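All of these numbers come straight from a predicted model, not from anything done at the bench. In this chain, residues are counted from 1 in sequence order. All heavy atoms count here, side chains included; hydrogens, waters and symmetry mates do not.
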Amino acid sequence: MISGPVSTLQGHDGDAVLHQDAVELRFPSRLSTRAVKSARSPRRVPLSAIIDVEYEAGGRRPYLRLRLAGELPGHEPRRPELDVDALVLHSNRRADNGAFVAELRSRLSADPVPDPRLLAPDAHAPGLAPVTDPVRLRVSTLDGVVTLDEQRLLIEFNSGMRKPRRHELAIAELQGVEFIPAKPHRSGLVRFLLPGAELRPDPRRDPHTVRFMAGTEEGRMADLAAELAARLTPATEPALVSQT
C-alpha cells in the first residue's frame with residue numbers, strides 16, 4: 001500500500017513524489033517529456049531498492065537519477081531525458097531540487113542494505129543482476145510480436161523477409177541484448193546476441209533483430225530488453241544494453 005506523499009518535486013519533464021516506502025516518478029504526456037518515458041509512467045521504485053541518488057545540480061538541464069540495487073559493473077544508463085529512472089529538473093529551482101535530493105538521501109541512509117529482489121518485475125532497469133521471479137512479457141512492435149518467459153524468447157515476425165518467421169531462442173543461449181533507441185523519423189531496434197551468429201547490416205532481414213517505433217513500443221521494448229538482460233546467466237558474456 002502506498003502511503004501519502006512526504007515530498008513532491010516538480011521537474012522539467014515530470015514530477016518526483018517521495019512516499020514513506022517508495023519514490024514515484026510521473027512523466028505526463030507533454031512537449032517537454034520524451035514519449036519513451038511517458039509510455040512507462042508512473043514508475044514506482046521501493047526505497048529499499050535504491051542504493052544512491054545521482055544528482056547533477058548545474059548546467060542547463062540538471063537532473064536526478066535513481067541508482068538501483070544490483071546494477072552490473074560497467075553499466076552506463078541512458079541520457080536523463082531518455083532514462084525512466086531519471087528526472088530532468090528546472091535549472092531555476094536549485095534550492096527545491098537540492099532539498100528534495102537531501103531528503104531522499106537521508107531516507108535512504110536510514111534503510112537497510114538494498115536487495116535487488118525487492119524490485120517488482122516491471123521496475124527492473126538495464127544492468128540489474130539476474131532475478132528469479134516468474135515473468136511473461138509480450139510486446140507488439142513494428143516487426144511483429146516478442147514474448148519473453150522464464151526460459152525462452154519467442155519472436156513472431158509479421159513479414160516474410162525473415163526466415164523463419166517464428167523464431168525461438170533459449171535464454172541460456174543468449175550472449176547479450178543490444179538496445180538502440182528510436183530517433184526522429186527512424187525506428188529503434190533490439191538485437192539479441194548469440195555466439196557466432198552472423199550480424200546482418202539490414203535489420204529488416206536479421207532474424208535476431210526487432211525494430212520498434214518511438215513512444216509506447218519503445219518503452220515496452222526497453223522494459224523487455226532490461227528484463228532479459230537481468231536474466232542472462234553469469235556464465236555468458238556480460239549483457240550489453242547499448243543506448244547510444
Determine whether [X] and [Y] fall in the same hydrophobic cluster, where Ile, Leu, Val, Met, Phe, Trp and Tyr are linked whenever their side-chain heavy atoms lie under 4.5 Å apart.
| X | Y | result |
| --- | --- | --- |
| Val6 | Leu104 | yes |
| Val45 | Tyr63 | no |
| Leu25 | Val53 | yes |
| Phe192 | Leu148 | yes |
| Leu194 | Ile171 | yes |

Side-chain cluster (under 4.5 Å, hydrophobic types only) that Leu142 belongs to, other residues: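 Cluster partners of Leu142: Met213.
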Do side-chain atoms of [X] reach the backbone of [Y] as a donor and acceptor pair under 3.5 angstrom?
| X | Y | answer |
| --- | --- | --- |
| Arg211 | Ser187 | no |
| Arg67 | Glu54 | no |
| Asp143 | Val210 | no |

Gln10, CD atom: more than 12 neighbouring heavy atoms under 6.0 Å: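 For Gln10, atom CD is not crowded (no more than 12 foreign heavy atoms under 6.0 Å).
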More than 12 heavy atoms of other groups within 6.0 Å of Arg94 CZ: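 It does not: Arg94 CZ has 12 such atoms or fewer within range.
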Contacts of Phe212 that satisfy ring pair (Phe, Tyr, Trp, His ring centres under 6.0 Å) - sequence neighbours left out: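 So Phe212 forms a ring pair (Phe, Tyr, Trp, His ring centres under 6.0 Å) with Phe179.
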Roughly how far, to the nearest 0.5 Å, is [atom2] of [Y] from [atom1] of [X]?
| X | Y | atom1 | atom2 | answer |
| --- | --- | --- | --- | --- |
| Leu89 | Asp96 | CG | CG | 10.5 Å |
| Arg43 | Glu24 | CZ | CD | 11.5 Å |
| Asn158 | Thr141 | CG | OG1 | 7.0 Å |
| Asp52 | Arg105 | CG | CZ | 6.0 Å |
| Leu193 | Leu174 | CG | CG | 8.0 Å |
| Ile180 | Leu189 | CD1 | CG | 4.5 Å |

If the condition is side chain to side chain donor-acceptor pair (under 3.5 Å), which residues does [X] pass it with, not counting sequence neighbours?
| X | result |
| --- | --- |
| Ser91 | none |
| Arg34 | none |
| Tyr55 | none |

Taking only residues two or more places apart in sequence, or in another chain, which ones meet [X] in a side chain to side chain contact (heavy atoms under 4.5 Å, CB included)?
| X | answer |
| --- | --- |
| Ser140 | Arg138, Val145 |
| Ala102 | none |
| Ala214 | Ala182, Glu218 |
| Ala99 | none |

State, to 0.1 Å, how close [X] and [Y] come at their nearest heavy-atom pair, and which atoms those are.
| X | Y | answer |
| --- | --- | --- |
| Asp13 | Phe27 | O-CD2, 3.4 Å |
| Pro195 | Glu173 | CD-O, 3.4 Å |
| Pro203 | Thr209 | CB-CG2, 3.8 Å |
| Asp206 | His208 | OD1-N, 2.9 Å |
| Pro28 | Ser38 | O-OG, 3.1 Å |

Are side-chain heavy atoms of [X] and [Y] found at a separation under 4.5 Å?
| X | Y | answer |
| --- | --- | --- |
| Lys37 | Glu81 | no |
| Glu217 | Val139 | no |
| Val190 | Val146 | no |

Sidechain N-carboxylate O distance under 4.0 Å for Arg26, Asp15: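 So Arg26 does not pair with Asp15 through a salt bridge.
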Qualifying residues under salt bridge (Lys or Arg N to Asp or Glu O under 4.0 Å), relative to Asp83, sequence neighbours excluded: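 Arg65.
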Sequence-distant partners of Glu56, salt bridge (Lys or Arg N to Asp or Glu O under 4.0 Å), two or more places apart: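 Glu56 satisfies salt bridge (Lys or Arg N to Asp or Glu O under 4.0 Å) with no other residue.
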Any pair counted as ring-ring contact (aromatic ring centres under 6.0 Å, His included), so long as it reaches residues 80-110, sequence neighbours left out: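 As it turns out, the ring-ring contact (aromatic ring centres under 6.0 Å, His included) pairs with a partner in residues 80-110, which skip direct neighbours, are His12-His90.
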